[in-house]
Amino acid sequence: MSTLKSEIAIIGAGPGGITTSIFLSRAGIPHIIFDKADFPRDKVCGDALSGKVVSVLNKIDPAIAQNMHDDSAHFTNCWGVQFIAPNGKALDIPFRMDKKKEAHAPGFIGKRHYFDHFLFGMIDRDYATVKTGCAVKDVTVTAEGVEISYEEHGLQKTARCAVVVGAGGDRCLVARKLAGFKKDARYYAAGLRAYYRNIGDMHPENFIELHYLKEVLPGYLWIFPLPNNEANVGVGLLSSRVKGKEINLRSLMLNTLHEHPTLRERFKNAELLGDIKGWGLPLGSVKRSLAGERFLLVGDAGSLIDPFTGEGIGNAMVSGRLAALALAGLVKEKNYGAEATRRYEEQVYEKLWNELKLSHTLQRLVDYPWLYNWVVNKARKNDTVRETFTFMFDDLNMRAKLKSPAFYFKLLFG
Ligand SMILES: Cc1cc2nc3c(=O)[nH]c(=O)nc-3n(C[C@H](O)[C@H](O)[C@H](O)COP(=O)(O)OP(=O)(O)OC[C@H]3O[C@@H](n4cnc5c(N)ncnc54)[C@H](O)[C@@H]3O)c2cc1C
């Protein structure tokens, strides 16, 4: 039986793996990309595609975001977020002060079943050997390279490469086997996702809704508007909380939708579409080894989900692009040793760490319901504070003010 060979293999064709593939192809570097699924395939997610996703898409081709903006059958244009404080008060924060100045929406909401397939279609098969329906069962690093065992149509096969990119998402085999990752409930969240049709009283401008209910802090329940009068509804909660309080996330979500004073009304004619599904969120609250002897990790495989917002698609794509740029250098040097690959890890954290660290702090701040209620009450009455929040979406230094006592002092005295 012949062995598949390539300098680089990517394991996983989610947003992280596909972005790595796209930018490797741009650099003219052949590679293999494996996925155990056949596309299109589902991925449990809130389906919110943030400004960071759009910024990587713009680097691939600026026409993509415009096409998404115009494709109202598959994507909702997202112009803002509604925060609902534990006391039930809502605060609307637009992503932009003046919509008219923008060519397209800053973010989108689109089902991953469609979005991932849309990305999958951008893989350049002149450079990428695409192996879908192929589950990788083992990876072993030797002095000569990386040996990959995979299953295709029930047959055991092998592939050899010089360096492997772990892009298998949460519980990625490469992360567990080569980087020794283990789940840490303090930095890991459990999430549930359901699709509903016909929810009442949706936001008139399609803002995404984040409901910070006391029971799920520092997590939240979300309602994200989708095309065709559908919405992605879900809940995310730190795993350490689920364990500690013996919480059944599914009952918690359904009971909330049926009993909460305002949600109950909104869901009374809503229809649940399909099953409620769960999946894990490996949070980027602490730094980890994202690279080593002959391997690199991108996206959820490297635990890069924002601990405050739960967004991970953008960071998967940012890290995928950085992995491809780093690999272009490594291929030239023919050096895949731990010291050489670690430069990739440094680049990822140089780009993302300040934001991840700040989000970890904010995650702890929202654990104080009284503080959250107080900030929302103040901001509801003050245009300048709401404008400040708008600027915080794009400006990390502005967002950092949220952890400074001076910010709350100024808020207190208007
Ligand atoms: C409930 C929930 C809600 C979320 N909401 C949002 C949101 O609204 N916005 C946002 O930005 N992020 C959200 N996230 C996070 C987001 O889903 C992930 O961060 C993102 O999917 C990471 O992309 P990835 O490419 O790293 O991994 P994935 O998207 O998980 O892709 C991994 C791929 O690897 C393949 N694979 C795995 N193992 C193997 C193997 N052994 N062999 C071959 N193939 C393999 C899988 O089939 C899959 O296609 C949410 C997550 C959850 C769980």
Side-chain angles (χ1 to χ4, degrees), residues 9-21 32-54 56 78 81 107-113 115-117 119-120 130-139 148-152 159 164-177 188-194 208 210 219-224 226 232-237 239 249 253 276-284 290 297-307 309-320 323:
I10 303 167
I11 299 177
I18 294 178
T19 308
T20 312
S21 169
I32 313 171
I33 178 161
F34 289 96
D35 203 290
K36 62 184 174 193
D38 285 310
F39 282 70
R41 62 101 180 89
D42 189 20
K43 159 74 179 83
V44 176
C45 188
D47 300 333
L49 307 166
S50 65
K52 204 184 274 179
V53 174
V54 174
V56 181
C78 186
V81 53
F108 302 94
I109 309 139
K111 287 187 181 174
R112 291 288 299 274
H113 188 266
F115 177 69
D116 286 21
H117 192 224
L119 282 183
F120 184 76
V130 181
K131 302 292 286 177
T132 48
C134 292
V136 172
K137 299 290 180 187
D138 199 13
V139 277
I148 297 170
S149 312
Y150 66 98
E151 195 177 294
E152 187 173 29
V164 64
V165 179
D170 181 31
R171 296 177 240 157
C172 172
L173 176 71
V174 183
R176 283 185 284 125
K177 176 115 195 258
Y188 191 88
L192 281 189
R193 177 218 68 190
I208 56 172
L210 307 182
Y220 56 79
L221 181 143
W222 68 81
I223 303 174
F224 294 169
L226 282 163
N232 181 317
V233 179
V235 64
L237 179 59
S239 290
L249 209 48
M253 181 170 116
I276 300 177
K277 291 186 180 166
W279 198 249
L281 294 93
L283 307 176
L290 299 181
L297 302 176
V298 305
D300 282 12
S303 296
L304 291 174
I305 296 185
D306 187 295
T309 62
E311 291 172 25
I313 305 168
N315 286 350
M317 295 178 75
V318 166
S319 58

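Ligands are counted one by one from 1 in listed order, and the atoms in each one are counted from 1 as well. Side-chain atoms are counted along with the backbone in the values below, which use heavy atoms only and exclude waters and symmetry mates. The model shown is predicted, which means the values in this text are computed figures rather than measured ones. This chain uses plain numbering: 1 for the first residue, then up along the sequence.
Ligand 1 is never approached by L173 to a heavy-atom distance shorter than 4.0 Å.
At least one cation-pi condition fails for R193 and W222: the charged atom is not both under 6.0 angstrom from the six-membered ring centre and inside a 45 degree cone around its axis.
The nearest heavy-atom contact from the protein to atom 27 (O) of ligand 1 is G169 CA, 3.5 Å. Scanning the protein for heavy atoms near atom 29 (O) of ligand 1, the closest one is R112 NH2, 3.0 Å. Here the protein heavy atom with the shortest distance to atom 34 (O) of ligand 1 is G12 CA, 3.2 Å. Protein heavy atom in closest approach to atom 25 (O) of ligand 1: G16 N, 2.8 Å. Atom 6 (C) of ligand 1 has C45 SG, 3.3 Å as its closest protein atom, hydrogens excluded (heavy atom only). The single protein non-hydrogen atom nearest to atom 37 (C) of ligand 1 is G168 O, 3.2 Å, given as residue, atom name and distance. The shortest contact between atom 12 (N) of ligand 1 and any protein heavy atom is with G312 N, 2.9 Å. In this structure, the protein non-hydrogen atom closest to atom 14 (N) of ligand 1 is G310 O, 3.5 Å.
Atom CG of L297 is separated from atom CG of L290 by 6.0 Å, given to the nearest 0.5 angstrom. In this structure, the separation between CG on L304 and CD on E311 is 13.5 Å, given to the nearest 0.5 Å. Rounded to the nearest 0.5 angstrom, I11 CD1 and I32 CD1 are separated by 9.5 Å. Note that CG of D300 and CG of N315 are 9.5 Å apart. Values are rounded to the nearest 0.5 Å. For the atom pair C45 SG and H113 NE2, the distance stands at 14.0 Å (nearest 0.5 Å). In this structure, CD1 on I313 lies 6.5 Å from CZ on F115, to the nearest 0.5 angstrom.
Each of the atoms 8 (O) of ligand 1 lies under 4.0 Å from some heavy atom of F224. For ligand 1, the atoms lying closer than 4.0 Å to a non-hydrogen atom of A135 are 42 (N). For ligand 1, the atoms lying closer than 4.0 Å to a non-hydrogen atom of G191 are 1 (C). Set against the non-hydrogen atoms of A48, the atoms of ligand 1 under 4.0 Å away are 7 (C), 8 (O), 9 (N), 10 (C), 11 (O). For ligand 1, the atoms lying closer than 4.0 Å to a non-hydrogen atom of W222 are 1 (C), 3 (C). Interface atoms of ligand 1 facing G280, defined by a heavy-atom separation under 4.0 Å, are 53 (C). Atom numbering of ligand 1 starts at 1 in the shown order; those under 4.0 Å from a heavy atom of G299 are 26 (O). Atoms of ligand 1 lying under 4.0 Å from any heavy atom of L281, numbered from 1 in the order shown and given with element: 50 (C), 51 (C), 52 (C), 53 (C).
Of the candidates I11, D35, L249, the one placing a heavy atom closest to atom 48 (C) of ligand 1 is D35. The heavy atom nearest to atom 28 (P) of ligand 1, out of those in K52, K43, K36, is found in K43. Among D38, N232, L119, D300, the residue whose heavy atom lies nearest to atom 19 (O) of ligand 1 is D300. The option with the heavy atom closest to atom 5 (N) of ligand 1, from among A13, G234, G46, P15, is G46.
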Legend entry - Check against side-chain contact (heavy atoms from CB on, under 4.5 Å), F120 and D35: CA-CA 11 Å; F120 184 76; D35 203 290; over 6 Å; no
Inset, instruction - Would you sort out whether T132 and R41 count as a side-chain contact (heavy atoms from CB on, under 4.5 Å), showing the intermediate values? - result: CA-CA 11 Å; T132 48; R41 62 101 180 89; over 6 Å; no
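At a heavy-atom cutoff of 4.0 Å, ligand 1 is contacted by no atom of C172, backbone or side chain. Residue-level proximity to ligand 1 for V136 is carried by backbone and side chain together, each with a heavy atom below 4.0 angstrom. Residue contacts with ligand 1 for A167 involve N, CA, C or O but no side-chain atom from C-beta outward (heavy atoms, distance under 4.0 Å). Residue D47 touches ligand 1 through its backbone alone, judged by heavy-atom distances below 4.0 Å. Contact annotation: for Y150 versus ligand 1, there are no heavy atoms closer than 4.0 Å. Residue-level proximity to ligand 1 for R41 is carried by the side chain, the only part with a heavy atom below 4.0 angstrom.
Using a 4.5 Å heavy-atom cutoff, the side chains of Y188 and D170 are in contact. Contact check for R171 versus R176: side-chain heavy atoms found under the 4.5 Å cut-off. Looking only at side-chain heavy atoms (C-beta outward), Y150 and V139 stay at 4.5 Å or farther from each other. I305 has its side chain within reach of P282: a pair of non-hydrogen atoms, C-beta onward, lies under 4.5 Å apart.
Contact record, A190 with S239: N-OG, 3.8 Å, taken as the closest heavy-atom pair.
Here the side chain of S319 pairs a donor or acceptor atom with the backbone of G299 at under 3.5 angstrom.
Taking the side chain to side chain donor-acceptor pair (under 3.5 Å) definition, one finds that Y220 meets it with nothing, sequence neighbours left out.
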